[in-house]
Every structure is written in C-alpha cells, then in structure tokens.
Amino acid sequence: MRKLLSTITIVTFIISMIFCLSSCKSKNEVDETEFDSTKLDNTYQPLGAPLENVVIPEEEDSLEMKNLAVYLYDKANYNAQHDDTLCYSVYNVSPISILKADSVAYRYFIKNGSEFYNTNYFYTDGSGVGSTIMSTVSAENVLFSQRIYYNSDLNYGYSQKSKVMTYQVADNGAVTFGADWNDLYNESEVSAPKEMLVSGREYTFSSFLIEADTISKANISYDEAGFYKIRLELDCSLDKTMEKELPFLVGAAGDKNARYTAVEMDIEIWDCGRFKKFFCKNSWHADKAYGFFKLDAVNDYQTSFYYNDYALNIRNYQYAEEFIELVTEKAQNK
C-alpha cells in the first residue's frame with residue numbers, strides 16, 4: 001500500500017510539473033539585431049610576437065611537460081585579462097541518459113576597451129518527463145536567458161536573468177535566441193568581471209585548478225598553423241583541483257554530494273600566448289540528481305576564441321544595444 005501511495009504521489013507531482021510548465025510560460029521576444037554566429041572566425045590569428053625559448057619535452061606526462069602546460073596556460077590567462085579585447089563563445093551539451101534529455105548552453109563573452117558583455121542561454125532538449133523534471137526542479141540552473149553588461153568608465157554593471165529561453169537555427173547554422181526580459185528570475189548590480197583588469201582579481205579561464213601537481217597526464221605538440229596543442233587530464237582526487245568548480249556542479253545537479261570523477265582538456269594556444277580553443281570534458285556522479293536519480297553524466301564544454309573585428313564588436317550581439325542603454329541610464333541615476 002505504501003509503495004502504491006508513493007507511486008501515485010510521484011505521478012501526481014510529475015503531472016503537476018508538466019501542467020505548470022505548459023500553462024505558465026511567458027511570451028518570448030526575439031531581438032532584431034542580425035547577429036550571425038558563423039561570422040565568429042576562430043582561424044583569425046591575433047597579433048603578437050611568438051613566445052621565446054619554448055622547448056617541448058620529449059617525455060609525455062613528465063614533470064617538464066606538465067610545467068610547460070602550466071606556463072602556456074598562465075601566459076594565455078595573463079593576456080586574456082590584460083589585452084584590451086577578448087571574445088570567446090562556449091557551447092555545452094550534457095546528456096542525461098536516464099532522463100532522455102540534454103542540458104544545452106550557449107554563452108558569449110566580449111570585452112572591448114571599457115566595455116564587457118556576456119550572454120548565457122541554457123535550455124533542456126528532449127522529449128518526455130525527463131526534460132520536464134530538469135526544467136522544473138532546477139529551472140533557474142538549466143532553463144534561462146541571462147545578459148550582463150559592465151562599463152569600467154561608468155564603474156557600473158548590471159545583470160538580468162530571464163525565465164524564458166527559445167532558440168532558432170538558420171540554414172547557415174547561425175543560432176538566435178528569444179527571451180522575455182520582463183519575466184525574470186532575478187536582476188542585480190554586478191562588479192567588474194574577472195576578464196577585466198579593473199576587477200583586481202587574477203584571471204584563470206578554467207575554474208578547475210591547473211598546476212603541475214593537479215595534472216595527472218599531459219601532452220603538448222606544435223601545429224605548423226602557429227599554435228600549441230595541449231592535452232591534459234586532471235587529478236580529481238585532490239580537493240584543491242575541484243574547490244572552485246564543485247559548487248557549480250552541486251547547484252546544477254541539485255545534489256550536495258555530487259562529485260567529478262574525470263576531467264579531460266584539449267587546449268590550443270596561439271604561439272603568441274593567446275587562447276585559440278579550450279575544450280573540457282568532465283564526468284560526474286550524483287546519488288540524488290535533481291532530488292531523485294542516481295546517475296553518471298558528462299559535461300562537454302567547447303570554447304572557441306575569436307580575434308576578428310565582427311566578433312569583438314559588442315553591438316553585433318543580441319540584446320546588447322538596448323541593454324547598454326538601460327544600464328547606462330541606471331548608472332547615471334545612481
């Protein structure tokens with residue numbers, strides 16, 4: 001009898017979530033900015049003199065190999081924060097096989113002089129109850145649009161996180177998004193992002209700690225197109241490797257005991273010491289993901305960096321122009 005009641009309770013809960021999701025949606029608004037993601041050119045090489053005295057060790061996984069990987073990574077971090085311009089996009093898909101659904105994310109980060117703009121689009125993709133559970137139990141983490149603008153001349157920044165996220169893929173592969181900025185999870189003032197020197201913080205691209213002793217495997221090669229190719233595996237057994245990144249997993253999985261089990265990185269760095277790409281695949285485990293399920297899953301983050309003029313123009317991106325006006329007005333009225 002208890003088992004029957006438990007089953008009825010779960011079914012009732014799921015039906016109520018489906019009803020809420022279908023009946024409580026807000027309208028979405030698609031920005032008229034003609035943003036074309038296919039114009040972000042990852043092959044455009046940034047200016048800068050090649051790094052000197054870089055010698056790739058012969059022995060894979062050696063301490064020397066690990067030290068060189070850290071050196072190249074640190075150089076790229078320094079330049080990303082100290083250069084006047086920076087642009088990168090992140091595409092992430094996390095399949096949750098037990099739920100028959102994927103958690104998908106698109107992100108754009110652009111720094112140009114005194115301005116910084118960041119947009120995040122998260123949604124669940126899949127059919128059936130699994131996608132509904134993810135979108136309802138952990139909606140603020142897996143289904144939203146977000147935009148952030150900071151201006152160092154104004155010494156002011158603002159963030160909005162919308163409950164509505166829709167997307168369209170054009171024939172040429174360009175992706176555009178819809179959001180309702182009148183229906184928000186939250187909005188708030190923000191301080192300078194870590195990508196900007198005025199933040200006063202030391203910049204590292206990854207929240208995982210990359211040091212010689214946190215790397216379990218390392219291999220580096222040089223591509224004649226002008227960049228270094230670095231492959232890393234991190235030691236997940238060390239608390240310090242995971243210290244900064246783990247809270248994000250716990251929040252997204254809805255399980256305070258969620259843990260990473262493997263982290264693999266495929267990094268490319270131009271020989272002038274600027275990031276070209278940063279692919280990170282990390283595996284994780286949770287006993288009660290989304291409050292219900294024991295599961296193992298993989299996050300696959302694909303980050304590409306761009307240095308061409310189109311990519312570095314903040315006003316080419318969706319929802320930027322109107323938001324800049326809004327934030328500027330807020331700063332002036334403080």
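Fair warning: this is a prediction, and the values are worked out from it, not measured in the lab. The chain is numbered in sequence order, starting from 1.
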task: Give a yes or no answer on whether the side chain of K217 reaches the backbone of E60 with a donor-acceptor pair at less than 3.5 Å.
output: no
field: Residue from W270, F305, Y306 passing side chain to side chain contact (heavy atoms under 4.5 Å, CB included) with P46
entry: W270
statement: residues 242-267 vs ring-ring contact (aromatic ring centres under 6.0 Å, His included), sequence neighbours excluded, gives F208-Y260
- request: Any chance you could measure K244, atom NZ, to S207, atom OG, to the nearest 0.5 Å?
  value: 7.5 Å
message: Same cluster or not: L238 versus L63, using hydrophobic residues (I, L, V, M, F, W, Y) connected whenever any side-chain heavy atoms lie under 4.5 Å apart?
response: no
Any donor-acceptor N/O pair, S152 side chain to N155 backbone, under 3.5 Å: no
Pair F144 and Y185, ring centroids less than 6.0 Å apart: no
- request: Of all the heavy-atom pairs spanning A192 and S199, show the shortest one and how long it is.
  value: O-CB, 3.6 Å
message: For Y108, is there any backbone N or O sitting under 3.5 Å from a side-chain donor or acceptor partner on N118?
response: yes
field: Interatomic spacing from NZ in K277 to CD1 in I230 - rounded to 0.5 Å
entry: 11.5 Å
query: For residues D287 and N257, is any side-chain donor paired with an opposing acceptor at under 3.5 Å?
result: no
message: Whether the side chain of K294 engages the backbone of H285 through a donor-acceptor N/O pair (distance < 3.5 Å, no angle test) should be reported.
response: no
message: Membership question, hydrophobic clusters at under 4.5 Å side-chain separation (ILVMFWY): are Y78 and Y71 in the same one?
response: no
Check: N79 side chain, R274 main-chain N or O, donor-acceptor pair, under 3.5 Å: no
task: Report yes or no: is the cationic atom of K75 (NZ for Lys, CZ for Arg) under 6.0 Å from the centre of the six-membered ring of Y73, at an angle within 45° of the ring normal?
output: no
query: Atom CG of N172 and atom OG1 of T38: how far apart are they, to the nearest 0.5 Å?
result: 4.5 Å
message: Distance to the ring centre below 6.0 angstrom and angle to the axis at most 45 degrees; does that hold for R259 and W284?
response: no
- prompt: Would you say Y310 and I324 are hydrophobically clustered, going by side-chain heavy atoms of ILVMFWY under 4.5 Å?
  reply: yes
field: Reported CG-to-CG distance for the pair L249 and N282, which is rounded to 0.5 angstrom
entry: 8.0 Å
message: I'd like to know whether the aromatic ring centres of F278 and Y301 sit less than 6.0 Å apart in this structure.
response: no
field: Stepwise side chain to side chain contact (heavy atoms under 4.5 Å, CB included) test for E264 and C280
entry: CA-CA 6 Å; E264 301 173 336; C280 180; over 6 Å; no
query: Rounded to the nearest 0.5 Å, what separation is found between the NZ atom of K161 and the CZ atom of F122?
result: 8.0 Å
message: Under the criterion side chain to side chain contact (heavy atoms under 4.5 Å, CB included), I'd like the reasoning laid out for L232 against I267: C-alpha separation, chi angles, the key distance, then a yes or no.
response: CA-CA 8 Å; L232 301 176; I267 308 168; 4.1 Å; yes
query: Do the charged groups of R315 and E115 touch, with an N to O distance under 4.0 Å?
result: yes
query: Do side-chain atoms of D235 reach the backbone of S216 as a donor and acceptor pair under 3.5 angstrom?
result: no
- prompt: Just by modelled atom types, is the V104 backbone N or O under 3.5 Å from a matching donor or acceptor in the N92 side chain?
  reply: no
- prompt: Got a donor-acceptor contact below 3.5 angstrom from the D266 side chain to the R231 backbone?
  reply: no
- request: Give a yes or no on whether the backbone of S145 and the side-chain of S162 come within a donor-acceptor separation of less than 3.5 Å.
  value: no
query: Got F35 and L40 here, is their nearest side-chain heavy-atom distance under 4.5 Å?
result: yes
query: Taking only residues at least two apart or on different chains, which pairs with a member in residues 185-207 satisfy salt bridge (Lys or Arg N to Asp or Glu O under 4.0 Å)?
result: E189-K334
- prompt: Would L326 and W181 satisfy side chain to side chain contact (heavy atoms under 4.5 Å, CB included), going step by step from the backbone distance to the final call?
  reply: CA-CA 12 Å; L326 173 66; W181 301 107; over 6 Å; no
- prompt: Quick one: are the ring centres of Y88 and F205 less than 6.0 Å apart?
  reply: yes
- prompt: Does any non-hydrogen side-chain atom of Q146 lie less than 4.5 Å from one of S159?
  reply: yes
message: Check this for me: does any side-chain nitrogen of one of D213 and K240 sit under 4.0 Å from a carboxylate oxygen of the other?
response: yes
field: Connected via hydrophobic side-chain network under 4.5 Å: Y317 and V169
entry: yes
F116 ring center within less than 6.0 Å of Y150 ring center: no
message: What verdict does the side-chain hydrogen bond (donor to acceptor under 3.5 Å, both in side chains) test give for Y307 and D41, after you've listed the backbone C-alpha separation in whole Å, the side-chain angles of each residue and the deciding distance to 0.1 Å?
response: CA-CA 7 Å; Y307 301 92; D41 187 359; over 6 Å; no
field: Distance-only donor-acceptor check, side chains K276 and N42, under 3.5 Å
entry: yes
field: E268 vs F279, side chain to side chain contact (heavy atoms under 4.5 Å, CB included): CA-CA, chis, key distance, verdict
entry: CA-CA 9 Å; E268 294 178 356; F279 285 13; over 6 Å; no
query: Got a donor-acceptor contact below 3.5 angstrom from the T214 side chain to the L209 backbone?
result: yes
- prompt: Cluster question for you: counting only ILVMFWY and a side-chain heavy-atom cut-off of under 4.5 Å, with indirect links fine, are I148 and I314 together?
  reply: no
task: Could you tell me whether the side chain of T176 reaches within less than 4.5 Å of the side chain of Q318, counting heavy atoms only?
output: yes
field: Gap between atom CD1 of I110 and atom OG1 of T85 - 0.5 Å precision
entry: 12.0 Å
message: Please determine whether ring pair (Phe, Tyr, Trp, His ring centres under 6.0 Å) holds for the pair F177 and Y121, giving the CA-CA distance in whole Å, both sets of side-chain angles, and the decisive distance to 0.1 Å.
response: CA-CA 8 Å; F177 303 94; Y121 303 102; 3.9 Å; yes
